[in-house]
Amino acid sequence: MKQILIINGPNLNLLGKREPTIYGNRSFVDYLKTIEELFPEVQLRYFQSNHEGELIDKIHELGFDIDGIVINAGAYTHTSIAIADALSAVTAPAVEVHISNVHARESFRHHSYLSAKCKGVIVGLGLKGYELAIQYLVMNDK
Ligand code: DQA
């Protein structure tokens with residue numbers, strides 16, 4: 001069974017409540033049930049933290065053993081060389097996801113330290129982006 005780790009960074013625990021016009025009305029925990037139903041053949045692991053070091057620790061802990069990482073690092077996307085280094089260090093391929101179209105927003109959201117370390121990037125497709133990323137990682141052979 002393939003194992004995929006979904007990582008959400010800071011403030012993404014507030015999905016459903018946080019700026020719904022940008023991020024929608026659905027909590028991630030609710031959406032997770034949908035993706036578990038969509039991919040019964042995949043063992044999905046989910047981790048959310050508001051702390052940079054905890055995100056790095058989780059990438060280190062699972063990143064050598066699993067088949068892929070779907071990462072939405074929230075605002076750390078735009079600031080964290082350390083998370084980028086962690087993605088480089090591990091063997092699992094990663095896909096970067098952003099719910100909103102970061103390129104249509106403030107210019108500080110246009111740069112990602114993570115994109116170069118990822119197989120690809122999905123932006124602006126809402127929660128659907130996570131499904132598409134999982135679909136890719138499940139088809140992809142390391
Ligand atoms: C985000 C975009 C980031 O710029 C922002 O800081 C987030 C969410 C997104 O999913 O659209 O927290 O990663």
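Since the structure is predicted, the reported quantities are computational estimates derived from the model, not experimental observations. Heavy atoms only: backbone and side chains are in, while hydrogens, waters and symmetry mates are out.
- A single hydrophobic cluster is not seen to contain both Val102 and Val70; linkage of ILVMFWY side chains at heavy-atom distances under 4.5 Å, directly or through other members, places them apart.
- A donor-acceptor pair shorter than 3.5 Å can be found between the side chains of Glu96 and Ser112.
- Scored by the ring pair (Phe, Tyr, Trp, His ring centres under 6.0 Å) test, His110 finds His103 as partners (sequence neighbours excluded).
- Side-chain contact between Leu137 and Ile134 is absent, with no heavy atoms from C-beta onward closer than 4.5 Å.
- Side-chain atoms of Leu55 and Ile7, non-hydrogen and from C-beta on, do get closer than 4.5 Å to each other.
- Under the salt bridge (charged side-chain N to carboxylate O under 4.0 Å, His left out) criterion, Lys58 pairs with Glu61, not counting sequence neighbours.
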side-chain contact (heavy atoms from CB on, under 4.5 Å) between Leu125 and Leu132, intermediate numbers included: CA-CA 9 Å; Leu125 303 185; Leu132 297 170; 3.8 Å; yes
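- Closest approach of Val97 and Gly129 over heavy atoms only: CG2-O, 3.7 Å.
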Ile99/Val123 under side-chain contact (heavy atoms from CB on, under 4.5 Å): CA gap, chis, key distance, verdict: CA-CA 6 Å; Ile99 296 163; Val123 298; over 6 Å; no
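- By the side chain to side chain contact (heavy atoms under 4.5 Å, CB included) test, Asn50 pairs with Pro10, Asn13, Gln48, sequence neighbours left out.
- Considering only residues two or more places apart in sequence or on other chains, Asn101 meets the side-chain hydrogen bond (donor to acceptor under 3.5 Å, both in side chains) condition with none of them.
- In this structure, Phe47 and Ile6 have side chains that are not in contact, with every pair of non-hydrogen atoms separated by 4.5 Å or more.
- Put simply, the side chain of Leu87 reaches to within 4.5 Å of the side chain of Cys118, judged on heavy atoms.
- With sequence neighbours excluded, the residues that form a ring pair (Phe, Tyr, Trp, His ring centres under 6.0 Å) with His111 are Tyr113.
- Partners of Tyr76 by ring pair (Phe, Tyr, Trp, His ring centres under 6.0 Å), not counting sequence neighbours: none found.
- Considering only residues two or more places apart in sequence or on other chains, Asp30 meets the side-chain hydrogen bond (donor to acceptor under 3.5 Å, both in side chains) condition with Arg26.
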Full working for side-chain contact (heavy atoms from CB on, under 4.5 Å) between Leu14 and Tyr23: CA-CA 10 Å; Leu14 295 182; Tyr23 298 111; over 6 Å; no
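- Here the side chain of Lys119 pairs no donor or acceptor atom with the backbone of Pro93 at under 3.5 angstrom.
- Ile71 is listed as a side-chain neighbour of Ile83, based on a closest heavy-atom distance under 4.5 Å.
- You'll find the side chain of Tyr130 stays beyond 4.5 Å of the side chain of Leu32, heavy atoms only.
- Sorted by first and then second residue, the side-chain hydrogen bond (donor to acceptor under 3.5 Å, both in side chains) pairs involving residues 79-90 (not counting sequence neighbours) are Glu52-Ser80.
- Side chains of Ile122 and Tyr136 form no contact here, defined as non-hydrogen atoms less than 4.5 Å apart.
- Contact detail for Ile56 and Ala82: the closest heavy-atom pair is CD1-CB, 3.6 Å.
- With sequence neighbours excluded, the residues that form a side-chain hydrogen bond (donor to acceptor under 3.5 Å, both in side chains) with Glu131 are Tyr31, Lys128.
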For residues 35-46, tabulate all N or O donor-acceptor pairs below 3.5 Å that involve a side-chain atom, not counting sequence neighbours.
| unit_1 | atom_1 | unit_2 | atom_2 | d |
| --- | --- | --- | --- | --- |
| Tyr46 | OH | Asn8 | ND2 | 3.2 |

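- Applying the side-chain hydrogen bond (donor to acceptor under 3.5 Å, both in side chains) rule to Glu54 yields the partners Ser49; only residues at least two apart in sequence or on another chain are considered.
- Heavy-atom minimum distance, Leu12 versus Arg18: CD2-NH1, 3.7 Å.
- Counting side-chain heavy-atom gaps under 4.5 Å among Ile, Leu, Val, Met, Phe, Trp and Tyr, Val29 is found in no cluster with other residues.
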Ile69 vs Ile59, side-chain contact (heavy atoms from CB on, under 4.5 Å): CA-CA, chis, key distance, verdict: CA-CA 8 Å; Ile69 298 172; Ile59 294 168; 4.3 Å; yes
